[in-house]
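Proteins get letters first, then strands, A, B, ... in listed order; numbering begins at 1 in each. Keep in mind that the numbers below use all heavy atoms, side chains included, and drop hydrogens, waters and symmetry copies. Remember, it's a predicted structure, so these values are computed and weren't measured experimentally.
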Amino acid sequence: MVEVNKFAVKLGGEAGYGIAEAGKILAKVCVRSGLYTVVTNEYPSLIRGGHNTAHIRVEDREIYSHIKTCDILIALNKETMDLHMQEITPNGAVIYDGAETKIETGRKDVQLCSVPLAQLAREAGGERIVRNTVALGAAFALLQGEFEMLANVIQETYHEKKGSKIASINKKAAELGYSCIKEKYKGPFRNQFKKEKQKQSILLDGNTALCLGAVKAGCKFHAQYPMTPSSGILSYMAQQAMEYNIIVVQPEDEISVINMAIGAAFAGVRSMCATAGGGFALMVEGVGLAAMTETPVVIIVGQRGGPSTGLPTKTEQGDLRFVLHVAQGEFPRVVLAPGDPAECFYEIGNAFNLAEKYQLPVLILTDKYVVDSMFTVPMFDQDKIKIDRGYLITEKQLENWNDFKRYQFTEDGISPRSVPGQKNGIYKAASDEHDEYGYVNEDPENRKKMMQKRFKKLELLQGEIPEPKIYGDKDADIAIIVWGSVKNQAREAIKLLAKENIAAKVIHYLYISPFPAEATRHLLKEARINLLVENNLTSQLGSIIQEHTGIFIQHRLLKSDGLPLSPEEIYLKVKQIRGAYGEI
Amino acid sequence: MVKFEELNTLNPITWCGGCGDFSMLLCLKKAIVELNLEKEEVLCVSGIGCSGKVPYWINTYGFCGLHGRPLPVATAAKLTNHKLTVLAMGGDGDGYAEGTSHFIHAARRNIDITYIVHDNQVYGLTKGQASPTSDKGFLTTSTPNGVLEMAINPIALALSAGATFVARSYAGMQQHLIEMIKEAVKHKGFAFIDVLQPCVTYNYKNTYQWYQAKVYDLQKEKHNTSSLTKAFEKALEWDDHEKTKIPIGIFYQAGRDTFEEDHGQIKKLPLVKQEINKIDITPLLKQLQ
Ligand SMILES: Cc1ncc(C[n+]2csc(CCOP(=O)(O)OP(=O)(O)O)c2C)c(N)n1
């Protein structure tokens with residue numbers, strides 16, 4: 001049975017052999033052909049050597065995550081075959097270099113496509129590093145794609161990055177790989193690529209989406225010290241700095257980063273910073289400073305395996321509690337965890353508005369899976385990002401302002417904000433508890449009122465926080481409860497369940513602080529089976545739900561082995577729970 | 001142009017009587033008046049310590065941040081609005097212990113701000129522990145057997161880090177201090193002043209009398225401020241200060257592009273004045289198709 005425009009390709013090999021690059025090229029070809037892709041990468045924390053993979057999943061309808069299997073495995077070394085042969089679907093294929101690697105596998109149902117990758121790379125005028133492109137050409141031939149389409153993207157990619165010579169070597173390499181398959185493997189391969197009409201869609205990772213949203217939202221200052229998985233933000237923002245007039249600084253450490261972000265926001269611009277757990281640990285005191293001085297900052301925290309240096313390049317959801325409780329003392333904060341590029345883009349726009357409207361730190365919690373994987377999504381509508389700077393006052397408003405109080409006690413707890421340089425708006429921003437002018441004040445009555453003032457903002461804020469979003473059949477009696485990027489795999493899992501007429505829905509938490517307790521109470525009553533799925537060991541969302549609603553969710557699928565959850569795992573877990581209830 | 005009285009605030013001062021900080025506050029105000037600045041165009045950023053309280057008692061914009069962290073805040077504020085006159089200030093614990101790395105990197109960036117350290121060679125606010133500039137052997141509550149470490153040399157540190165204006169002053173010589181602050185503010189680039197500031201409560205050793213007898217003015221000696229080598233020579237005298245004298249004045253001054261100047265983004269308009277409502281990211285989105 002032929003399957004058109006539904007396939008997955010996995011590339012594997014040593015770090016430094018262009019695995020991710022090749023994956024990106026294939027994905028781009030697919031997107032240009034009107035298809036949807038998800039590209040996921042797994043790699044260790046080193047520059048050369050070690051085992052790297054890229055998984056490119058393609059369909060002609062929207063897809064959200066990777067899957068465990070692939071139809072074509074491109075093995076640039078033996079290790080790839082040893083590790084991933086079992087992931088190939090029946091009647092799938094493996095592309096490898098028979099001159100270098102002997103196949104030792106019991107799998108008779110897999111088409112073995114030996115292509116002299118190293119030799120063809122040399123013939124194309126390239127080094128061993130070009131084997132990835134030869135293999136890409138071979139895979140594209142198996143899929144019966146038109147060579148021109150691949151050639152165009154290769155040309156564009158390498159020309160831009162490496163110049164015309166490297167581009168033509170790579171094109172030649174792809175062509176040789178392509179012809180080799182055409183000559184040697186005649187029979188039609190089960191999975192086929194067919195160009196469709198190009199759609200208005202884009203291919204990007206979560207970090208890029210965050211940056212795009214930030215640029216559009218008028219972020220003018222970005223500070224960051226590199227740390228996986230957030231480093232992409234620093235380079236992307238730096239590349240746009242001149243064109244979009246943004247100051248991007250790479251300071252001496254994350255303590256400086258957060259204090260700079262606060263300094264810029266205090267001085268009047270929209271400002272953000274980004275890091276991962278380790279760097280965020282250094283920022284802890286600064287987050288409290290933003291809260292105490294009521295300075296609006298947006299802080300992106302990319303999760304990876306912890307504790308400590310942990311698993312630098314692997315995904316995890318272990319930092320939710322850390323972010324929710326970060327810094328000494330009690331203060332309100334917004335915590336959100338976008339799960340896909342669209343959420344990254346639109347919600348960072350909202351994050352800047354919330355930060356300025358409520359004059360507090362907004363923490364965006366991402367994870368390696370969402371920021372490092374590439375997804376095909378409908379073209380963003382940039383006009384949806386609106387700018388609301390809250391109670392930021394102008395020089396004109398201050399002209400006749402008598403007795404300006406930056407931390408004035410108000411109905412809603414939100415006070416007028418002036419910026420240095422404005423006449424009549426002089427005040428002190430203090431990390432100490434202070435009075436309405438910002439002067440240190442330890443009087444118990446004042447303290448009480450200031451604490452209340454800061455927390456009062458939550459009342460208004462709570463009403464603005466979106467409720468958890470439901471995907472799938474609202475009335476389904478199985479609910480899969482997730483936060484952050486796990487929504488992608490959960491959405492795929494309900495597709496798998498639907499094939500067996502099992503109705504399930506996904507309840508996705510995007511905003512976690514302030515916590516939508518009311519909505520949660522209702523939502524959790526609706527389904528018969530609630531299943532929590534988290535990429536951590538201790539079910540941090542589960543404990544937060546329990547804390548706020550008293551509801552203990554018994555069924556859990558938790559994973560903290562450094563790998564993302566897969567749709568198949570979630571599907572199996574649901575089946576298992578149903579089985580325990582006596583359902584098949 | 002601000003008048004002296006306009007720089008006062010109503011907030012009561014809490015320093016110990018006789019503290020060198022009084023004199024430093026006074027000199028800062030006088031310098032601002034003599035420089036003909038507008039009060040709303042001055043931003044004072046401090047850390048935490050007795051010295052960190054200066055912004056409360058001078059009527060300009062103020063940011064009293066975290067212990068050791070005034071420089072990053074001041075740096076970013078200056079980048080955001082380079083029309084402001086930005087002064088960062090703090091103690092020797094603040095700047096030479098907790099915030100050492102920021103000190104080095106601010107100097108290296110040559111951001112156009114003035115950094116004034118209230119160097120009393122002891123921790124004031126936390127009640128008298130040793131500081132990085134405490135003399136070796138100095139007895140404090142945290143060093144009952146005397147400080148074991150050699151004292152940091154702030155001037156040499158600033159010079160090696162690339163500061164383009166490096167000076168020392170003494171809180172007991174107000175006219176000198178006013179001049180130093182004025183020169184530092186006028187200087188284009190990172191201007192650093194280490195101010196010897198007697199702590200009358202916790203430093204029994206480095207007193208007014210002690211400093212008075214030790215300091216001598218470099219400018220009266222016709223010190224060549226454009227020579228880095230000469231500056232280092234003079235800076236190193238600090239390491240022997242127990243036995244010899246302490247130079248005050250400008251050690252070194254040089255011209256170098258500032259961090260703001262190297263940011264083309266703010267050539268036309270300060271960052272804070274830039275319009276953010278009509279940003280179009282279409283070209284960036286197109287690249288992703
Ligand atoms: C992160 C942190 N650590 C410690 C402290 C406690 N602390 C406050 S001020 C200070 C040192 C004060 O000495 P110095 O910076 O020399 O300033 P001075 O009071 O002498 O002016 C310390 C350790 C703090 N506020 N924050």
Of the non-hydrogen atoms in A:S431 and A:L289, which two are nearest, and what is the gap between them?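 Minimum heavy-atom contact is CB-CD1, 3.5 Å.
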By a 4.5 Å heavy-atom criterion (distance strictly below it), what part of [X] contacts chain B: side chain, backbone, both, or neither?
X: A:L212; answer: both
X: A:M374; answer: neither
X: A:V440; answer: both
X: A:F345; answer: side chain
X: A:D253; answer: side chain
X: A:S256; answer: both

Most chain B-contacting option - heavy-atom pairs closer than 4.5 Å, from A:I202, A:N245, A:I258, A:I387: A:N245
Name the option with the most non-hydrogen atom pairs under 4.5 Å to chain B; the candidates are A:K386, A:E243, A:K28.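 Greatest number of close heavy-atom pairs with chain B: A:K28.
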With under 30° as parallel and over 60° as perpendicular, where do the rings of [X] and [Y] fit, or are they tilted in between?
X: B:Y123; Y: B:H67; answer: perpendicular
X: A:F266; Y: B:F63; answer: perpendicular
X: B:F190; Y: B:F103; answer: tilted

Checking A:I393 against A:F404 for the side-chain contact (heavy atoms from CB on, under 4.5 Å) test, could you report, in this order, the C-alpha distance in whole Å, the side-chain angles of both residues, the deciding distance, and whether it holds? CA-CA 11 Å; A:I393 51 179; A:F404 176 73; 3.3 Å; yes
